[in-house]
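The block underneath contains the structure these notes are about, expressed in structure tokens.
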Protein chains: 2
Amino acid sequence: MSIKHAILGFLSWEPLTGYDLKKRFMESTTLYWTGNNNQIYRSLVDLHQDGLVTKEVRQQEKLPARKIYSITADGRKALREWVLQPPELPQLKNSFLVQLSWADQLADSELEHLVESYQEEVQVKLLMLQEQFARGNNAPDRSARERLLWRRISSNMISYYQNELNWVQELGQELEAL
Amino acid sequence: MSIKHAILGFLSWEPLTGYDLKKRFMESTTLYWTGNNNQIYRSLVDLHQDGLVTKEVRQQEKLPARKIYSITADGRKALREWVLQPPELPQLKNSFLVQLSWADQLADSELEHLVESYQEEVQVKLLMLQEQFARGNNAPDRSARERLLWRRISSNMISYYQNELNWVQELGQELEAL
DNA sequence: GTTGCCATGTAAGGTGTTACATGATTTA
DNA sequence: TAAATCATGTAACACCTTACATGGCAAC
């Protein structure tokens, strides 16, 4: 699984430039790439060399030429094959859990503060996601099934943070009770 | 946050060799590093150069010399400082969600199969974690508070996969209903 | 007049994985 | 006879991030 597949995914909807793709990645919450130039522009070169996309260069007067990439038949085939791959388990890296692993050296007040900070961060993130979800996001809309899929993808993120919030609140309570 | 902090964490309990550390990382589920040689042996060299650990070389007859690393006062200070850092949000990379994003191109039966595969994987992982948790794991045990922390760390993982399982089951039902 | 948008890219460095290399001892 | 354990390390490569570089136009 690499960013190239996600790029092919976006291009399967419409032709885009590197700049467009960068924005798509930055706006997306479920797609976990940051959308940095290095990755995107180099991926596009690779995809082009592999014949999975075509490139149309459109000159502009005062701005750099736009390079508009379109997916090819081979590209669509590669995308489909990747989507059919047996899914892998998520990769979850929660550095807060690592901090907690060695947090017994802290004073009660320090630990309490640490836990509260995490709780607040999770809460803020959750609210952000809920808001973004509520005001109907950038999801595609060409079939009932696709709408369902995108709704469920959003709900995955939200339920993750909701679950995390519950967990950290319980942690705070248990520590207080001790 | 890097693997060096986790290495200092382990060394804060007892002196260890690179080989020991490798095992610790491989056995741990919450610590998300795989414990590959390259990372561990290079980190130990760095930590030694920075004066955060000391090295004792003990020759052996037929095996390579054991290099036993111990944490220094500076090392303990660095560990404590890191634990006190404001916690960051978890990094969640779920490639299955990316697959779903472009899964509307699949036939109903293909999509159903994809979802089922993911459900099974999550279920297996959850059972594994629950089992590992049940037969009292490799958690440290020097204070009530530390026991509480480690119990809560395990419960974080378990509730994550439980939540993920619920989510994918709902997804399956909604797709069927469609 | 500074910030943001458009649009391309490169450089440098950190992080992480898989595989290679050696070689004796114990266990199945 | 094959494998796992002990114990060190290196090589090659993939992935990812931050910052740098250019430069015009529009908006506030």
Side-chain angles (χ1 to χ4, degrees), chain A residues 1-8 10-11 15-28 31-50 53 55-69 82 88-95 98, chain B residues 1-8 10-11 15-28 31-50 53 55-69 82 88-95 98:
Chain A
M1 170 62 205
S2 84
I3 193 174
K4 288 182 195 169
H5 296 121
I7 290 175
L8 286 179
F10 280 125
L11 294 181
L16 294 168
T17 66
Y19 187 77
D20 294 330
L21 284 163
K22 184 193 171 82
K23 281 192 294 181
R24 298 281 193 288
F25 280 109
M26 286 194 302
E27 286 161 9
S28 168
L31 270 40
Y32 39 81
W33 296 273
T34 52
N36 73 84
N37 293 350
N38 203 331
Q39 247 178 314
I40 289 173
Y41 287 107
R42 285 203 301 99
S43 295
L44 285 171
V45 169
D46 289 351
L47 289 170
H48 189 238
Q49 272 176 356
D50 295 344
V53 301
K55 177 169 72 171
E56 185 203 342
V57 182
R58 205 168 290 174
Q59 295 300 331
Q60 297 181 113
E61 279 182 26
K62 310 264 173 115
L63 289 172
R66 303 183 77 218
K67 300 186 177 174
I68 302 160
Y69 293 89
W82 167 67
E88 285 165 35
L89 284 174
Q91 249 186 290
L92 183 49
K93 297 193 178 178
N94 193 345
S95 65
V98 189
Chain B
M1 171 61 205
S2 83
I3 193 174
K4 289 181 194 171
H5 296 120
I7 290 176
L8 285 179
F10 279 126
L11 294 181
L16 293 168
T17 66
Y19 188 76
D20 294 329
L21 284 163
K22 184 192 170 83
K23 280 192 295 181
R24 297 281 192 289
F25 280 109
M26 286 194 303
E27 285 162 11
S28 168
L31 270 39
Y32 38 82
W33 295 275
T34 52
N36 73 84
N37 294 350
N38 202 333
Q39 247 178 316
I40 289 174
Y41 287 106
R42 286 203 301 98
S43 296
L44 285 170
V45 169
D46 289 352
L47 288 171
H48 190 238
Q49 273 177 355
D50 294 345
V53 302
K55 177 168 71 171
E56 187 202 340
V57 182
R58 205 168 287 175
Q59 295 299 331
Q60 296 182 114
E61 278 181 28
K62 310 262 171 114
L63 290 172
R66 303 183 76 217
K67 301 186 176 172
I68 302 161
Y69 293 90
W82 167 67
E88 285 165 35
L89 285 174
Q91 250 186 288
L92 183 49
K93 298 194 179 178
N94 193 344
S95 65
V98 188

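Residue numbers begin at 1 in each chain, while the letters A, B, ... track the order of the sequences.
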d([atom1], [X]; [atom2], [N]) in whole Å:
| X | N | atom1 | atom2 | result |
| --- | --- | --- | --- | --- |
| B:Arg42 | D:dA12 | CZ | C1' | 13 Å |
| B:Arg66 | D:dG9 | CZ | C1' | 16 Å |
| A:Phe25 | D:dC15 | CZ | C1' | 14 Å |
| A:Leu31 | D:dC16 | CG | P | 12 Å |
| B:Lys22 | C:dA19 | NZ | P | 13 Å |
| B:Gln91 | D:dC15 | CD | P | 16 Å |
| B:Gln39 | D:dC13 | CD | P | 19 Å |
| A:Ile40 | D:dT17 | CD1 | P | 11 Å |

Look at the side chain of A:Asn37 and the base of C:dT10, then say whether one donor and one acceptor between them are separated by less than 3.5 Å.
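It does not, because no donor-acceptor pair links the side chain of A:Asn37 to the base of C:dT10 below 3.5 Å.
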Is it the case that the base of C:dT10 and the side chain of A:Asn38 share a donor-acceptor contact (distance under 3.5 Å, atom types as modelled)?
no
Please tell me if [X] has a side-chain N or O lying less than 4.0 Å from either OP1 or OP2 of [N].
| X | N | answer |
| --- | --- | --- |
| A:Ser2 | D:dA14 | no |
| B:Tyr19 | D:dC6 | yes |
| A:Thr34 | D:dT17 | yes |

Map B:Tyr41 and B:Asn36 onto DNA chain D by nearest heavy atom, then report which one ends up closer to the 5' terminus.
B:Tyr41
Closest-nucleotide mapping onto DNA chain D: is B:Lys93 or B:Ile68 further toward the 5' terminus? I mean the 5' end.
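Residue closer to the 5' terminus by nearest nucleotide: B:Ile68.
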Could you tell me whether a side-chain N or O of A:Asp20 sits under 3.5 Å from a main-chain N or O of A:Thr17, the two making a donor and an acceptor?
yes
Is a side-chain donor or acceptor of B:Ser28 paired with a backbone partner of B:Arg24 at a separation under 3.5 angstrom?
no
Nearest to side-chain heavy atoms of [X], which nucleotide of [options]:
| X | options | result |
| --- | --- | --- |
| B:Lys67 | D:dT8, C:dG9, C:dC5 | D:dT8 |
| A:Lys23 | C:dT15, D:dT8, C:dC6 | C:dC6 |
| A:Gln60 | D:dC16, D:dT8, C:dA7 | C:dA7 |

Check the orientation of B:His5 and B:Trp82. Use parallel for under 30°, tilted for 30 to 60°, and perpendicular for over 60°.
parallel
In the structure I gave you, are the side-chain heavy atoms of B:Tyr32 and A:Val98 within less than 4.5 Å of one another anywhere?
yes
Report yes if some heavy atom in the side chain of B:Leu8 is under 4.5 Å from a heavy atom in the side chain of B:Val53; otherwise report no.
yes
